[in-house]
*Asks:* 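One structure is given below, represented as structure tokens, and several questions about it will come after.
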Amino acid sequence: MPAGRHLAFSKERSEVAHLFRRVGGAAGTWTRLAANARSPYLDAEVFAADTPVEYYVQLATRFGDEEARSRIVAVRQPAVYQVPHASCY
């Protein structure tokens with residue numbers, strides 16, 4: 001979506017979701033984007049066109065014990081498309 005990447009995930013009410021992001025493919029490093037994230041999450045950070053961006057969600061108990069981890073989801077930052085101005089008469 002134009003405002004950024006819309007990330008939706010599910011979790012149990014008692015679980016905590018930590019969202020991680022890696023920019024630039026395998027050469028990049030994973031950073032925690034959000035602790036105790038809520039779904040949906042909007043990542044509005046802008047990157048250069050065609051930049052690979054990857055995400056995963058790590059679920060944990062409310063006591064901090066790690067549980068399930070999602071698959072890695074990969075996207076590429078699209079080129080910015082500007083809508084041409086229209087004249088109205």
Side-chain angles (χ1 to χ4, degrees):
M1 64 190 308
R5 288 150 314 277
H6 182 259
L7 306 165
F9 53 90
S10 60
K11 68 178 191 71
E12 297 296 323
R13 180 172 233 153
S14 62
E15 292 176 318
V16 175
H18 301 294
L19 181 61
F20 290 83
R21 178 181 70 196
R22 178 169 67 180
V23 179
T29 57
W30 288 104
T31 57
R32 185 163 64 177
L33 187 59
N36 198 14
R38 297 200 190 290
S39 179
Y41 183 90
L42 180 66
D43 182 10
E45 190 165 343
V46 177
F47 301 102
D50 208 35
T51 299
V53 183
E54 299 169 297
Y55 299 92
Y56 75 85
V57 175
Q58 175 69 57
L59 297 178
T61 67
R62 59 187 168 135
F63 302 110
D65 299 321
E66 290 185 355
E67 290 185 320
R69 177 179 157 176
S70 73
R71 294 180 303 126
I72 294 172
V73 176
V75 297
R76 287 202 176 267
Q77 177 70 31
V80 176
Y81 175 76
Q82 294 188 2
V83 178
H85 293 284
S87 297
C88 297
Y89 295 97

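Just so you know, residue 1 is the first one in the sequence shown, and it goes up from there. Note that the coordinates shown come from a computational prediction; the quantities given were computed from them, not determined experimentally.
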*Asks:* According to the interplanar angle, ranging from 0 to 90°, do the rings of Phe20 and Tyr56 count as parallel (below 30°), tilted (30 to 60°) or perpendicular (above 60°)?
*Replies:*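 Geometry flag for Tyr56 against Phe20: parallel rings.
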*Asks:* Please find the pair of heavy atoms, one from Gly28 and one from Arg22, that lie closest to each other, and give the distance.
*Replies:*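 Heavy atoms of Gly28 and Arg22 come nearest at O-CD, 3.4 Å.
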*Asks:* Could you give the distance from CG (Asp43) to OH (Tyr55), rounded to the nearest 0.5 Å?
*Replies:*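 Output value for this atom pair is 3.5 Å.
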*Asks:* If two hydrophobic side chains count as joined below 4.5 Å and joins carry through other members, does Val53 share a cluster with Trp30?
*Replies:*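 Each belongs to a different hydrophobic cluster.
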*Asks:* Flag yes if Leu7 and Val75 sit in one hydrophobic cluster, no otherwise; membership is Ile, Leu, Val, Met, Phe, Trp, Tyr, and two members link when side-chain heavy atoms are under 4.5 Å apart.
*Replies:*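 Yes; tracing contacts between hydrophobic side chains, which count when under 4.5 Å, links both residues.
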*Asks:* So, taking the atom named CZ in Arg21 and the one named CD1 in Ile72, what distance separates them when rounded to the nearest 0.5 Å?
*Replies:*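 Answer for the CZ-CD1 pair, Arg21 versus Ile72, is 14.5 Å.
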*Asks:* What is the minimum heavy-atom distance between Ala68 and Gln58, and which atoms define it?
*Replies:*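 Of all heavy-atom pairs spanning Ala68 and Gln58, the closest is O-NE2, 3.2 Å.
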*Asks:* Provide the closest heavy-atom pair for Tyr41 versus Ala34 in the form atom of the first, atom of the second, distance.
*Replies:*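 Heavy atoms only, the tightest pair is CE1-CB, 3.7 Å.
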*Asks:* To the nearest 0.5 Å, what is the distance between CG (Leu59) and CZ (Arg69)?
*Replies:*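 The CG atom of Leu59 sits 11.5 Å away from the CZ atom of Arg69.
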*Asks:* What are the two closest heavy atoms between Phe9 and Ala17, and how far apart are they?
*Replies:*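 Shortest heavy-atom contact: CE1-CB, 3.5 Å.
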*Asks:* Taking all non-hydrogen atoms of both residues, which atom of Ala37 and which atom of Lys11 are closest, and how far apart?
*Replies:*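 For Ala37 and Lys11, the tightest heavy-atom pair comes out as O-CE, 4.1 Å.
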*Asks:* Where do Arg5 and Phe47 come nearest, in terms of heavy atoms and distance?
*Replies:*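 What the structure gives for the nearest pair is NH2-CE1, 3.2 Å.
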*Asks:* Within the supplied structure, the quantity of interest is the number of heavy atoms (other residues, nucleotides, ligands) at a distance under 6.0 Å from Glu67 CD; does it exceed 12?
*Replies:*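 Counting other residues, nucleotides and ligands, CD of Glu67 exceeds 12 neighbours.
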